[in-house]
2 protein chains.
Amino acid sequence: MLKEERQQTILSEVELHNRILLTDIADALDVSIDTVRRDVKELDAENKLKKVHGGAISLGFTSSSVRSDNIYRLEQKRKIAEKALDLLKPGGVIFVDGGTTCSELARLIPANLELTCFTHSLPVATELLSKTGLTVIMVGGQVSSESQTAIGANAIHNLSEIKVDYSFIGTGYVDSYYGLTEFDWDIVQVKKAIIKSSKKTVLLSISEKLNSQHRYKSCDINAINTMITELNPENKLLDSFRNHDIRIL
Amino acid sequence: MLKEERQQTILSEVELHNRILLTDIADALDVSIDTVRRDVKELDAENKLKKVHGGAISLGFTSSSVRSDNIYRLEQKRKIAEKALDLLKPGGVIFVDGGTTCSELARLIPANLELTCFTHSLPVATELLSKTGLTVIMVGGQVSSESQTAIGANAIHNLSEIKVDYSFIGTGYVDSYYGLTEFDWDIVQVKKAIIKSSKKTVLLSISEKLNSQHRYKSCDINAINTMITELNPENKLLDSFRNHDIRIL
DNA sequence: AGAATTCGTGCAAATGTAGGCAATTTAATT
DNA sequence: AATTAAATTGCCTACATTTGCACGAATTCT
């Protein structure tokens, strides 16, 4: 049997079944496992498949990091996300909300950090999946096409059964007097559930949202333990939030 | 024997068998290995075939022709998905499994069809969200990075609380005797739960997977109500599935 | 934590490759 | 027809690749 031929067979098997064992292939092709191992190593180097312990898996599954390119105020959001990273500790359990800022946080989480991440956001979950150290748990429920997050009674019920160390949430509007508010009632219900299932809640918000409000209220401002904006913590714009027992980063 | 004639023979052998061994050809044509080697070298230079260590392979057979970003056997999968579309009725409630074939189904569902879709697959959910008529419900749970689907006890529990009209599932391996089998134990548990929560189960599988099996079993073959492959329903390859009360499309 | 796989490296045997060389065949020219 | 030049072929040798095995290290499973 020719080497090329063998590698082609291996590739087909991987594409067909998504995953293969070296032992199975060695058995099927009647060559030693070392040979298969070497083949898989080569194919991996050529980016034809992904080598894993004991076998190989198809690339088609693993490689998808989707991001819509023009995110509003991306630089500010990235700055916020970077500050939030400091709160992450190995072995921690966190919740990551939907929205572009939280997605940016998800993107910046180091791949090797050992962390358990809950989320109800499809894009965040997808992003987090590329990090090897993470355990990702999707909170299910009806998915809102607008926010791409699970909402509704089911999601809220699922949230009621967990308790995380930190939740990182975004908000539509934030005001030191009116607290966190939203345009959408369903979203508000979910935010409430998230906050309830968190020991500490971290708000990620660009400064542009400060001192704005809308019709439905997620929580009072002092339900927030830590607030992160792209601003310097001493910035005047944050003054009105200082006497609320909130840590400002 | 003329050189031209010999090279022609080599070429047709390569086209016929996709590959040849230098030793075989030398033997068959009763010339020295060196001569064959030189011939193959020339043919390779003329791009008539690809020379490899120990022999030659047909150009159409080379791995470089299979780019990894297009899905394996996409055309066949699309054909399957199109057949599956006929089963969808307005107002129906369905479950869509993960995997490339089911993703293709998700992609082809008409945007205006009024349908409630459950899924435990992140890519499928994301795909379905773009259709306005659909209600999408994500089944939550720990997300497997390999399959990008929710698996584990939580997902299974969530599945236990629903009952859908049709579930469209894929499988790693299918055999008329051994039934549906998988590589991964966790996946099997989820498939079982999916089947249990469906009134009818539709299997989507490309014919290449027929008559293959692996170690863990999802279900007997007659747990499947409808089986869809890219083949014509009358195809001989499907014969072994006919006496199992399965509708074959 | 202990057992069982799996991995990676080095090694040796077998097989395949490239290039030089001489013998033979083929083609062309005188 | 004889001669010469070119091409082809087979063989030989030195070198490269491939493959299976052994063994300690690393990883995963229970």
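By convention in this document, chain letters (A, B, ...) are assigned in the order of the sequence lines, proteins followed by strands, and residues within each chain are numbered from 1.
Atom NE2 of A/His53 is separated from atom C1' of C/dC7 by 7 Å (rounded to the nearest Å). As a whole-Å value, the separation of B/Ile20 CD1 from C/dG16 P is 13 Å. Atom-to-atom, CG of B/Leu21 to C1' of C/dT15 comes out at 12 Å; the value is rounded to the nearest Å. In this structure, the CG atom of B/Leu22 is 10 Å from the C1' atom of C/dT17, given to the nearest Å. Rounded to an integer number of Å, the gap from CG of A/Leu2 to P of C/dG16 is 10 Å. Nucleotide C/dC7 holds its P atom 16 Å from the CD atom of A/Glu42, rounded to whole Å.
Using modelled atom types, one finds a donor on one side chain and an acceptor on the other under 3.5 Å when comparing B/Thr100 with B/Lys77. Side chains of B/Thr35 and B/Ser32: a donor-acceptor N/O pair is present below 3.5 angstrom, by distance only. In the model, B/Thr119 has no side-chain atom that pairs as donor or acceptor with a side-chain atom of B/Ser121 under 3.5 Å.
The ring-ring contact (aromatic ring centres under 6.0 Å, His included) search around A/Tyr166 returns none, not counting sequence neighbours.
For residues 27-40 of chain B, proximity to DNA chain D is found at B/Val31, B/Ser32, B/Asp34, B/Thr35, B/Arg38, defined as any non-hydrogen atom under 4.0 angstrom from a strand atom.
With salt bridges taken as basic N to acidic carboxylate O contacts below 4.0 Å, none links A/Asp165 and A/Lys89. The residues B/Arg78 and B/Glu75 are annotated as salt-bridged, a charged nitrogen and a carboxylate oxygen being separated by less than 4.0 angstrom. Taking 4.0 Å as the cut-off between side-chain N and carboxylate O, B/Arg215 and B/Glu182 do not count as a salt-bridged pair. Contact check on B/Arg73 versus B/Glu208 returns a salt bridge, with a Lys/Arg side-chain nitrogen under 4.0 Å from an Asp/Glu carboxylate oxygen.
Between B/Lys51 and C/dA18 there is a side-chain polar atom (N or O) within less than 4.0 angstrom of OP1 or OP2. Proximity of A/Lys41 to the phosphate of C/dT9: a side-chain N or O atom is located under 4.0 Å from OP1 or OP2.
From the 5' end on, the contacts that DNA chain D makes with chain A at under 4.0 Å to a non-hydrogen atom open and close at D/dT18 to D/dT28.
Taking each heavy atom of B/Ser103 and B/Pro123 in turn, the nearest pair found is OG-CB, 4.4 Å.
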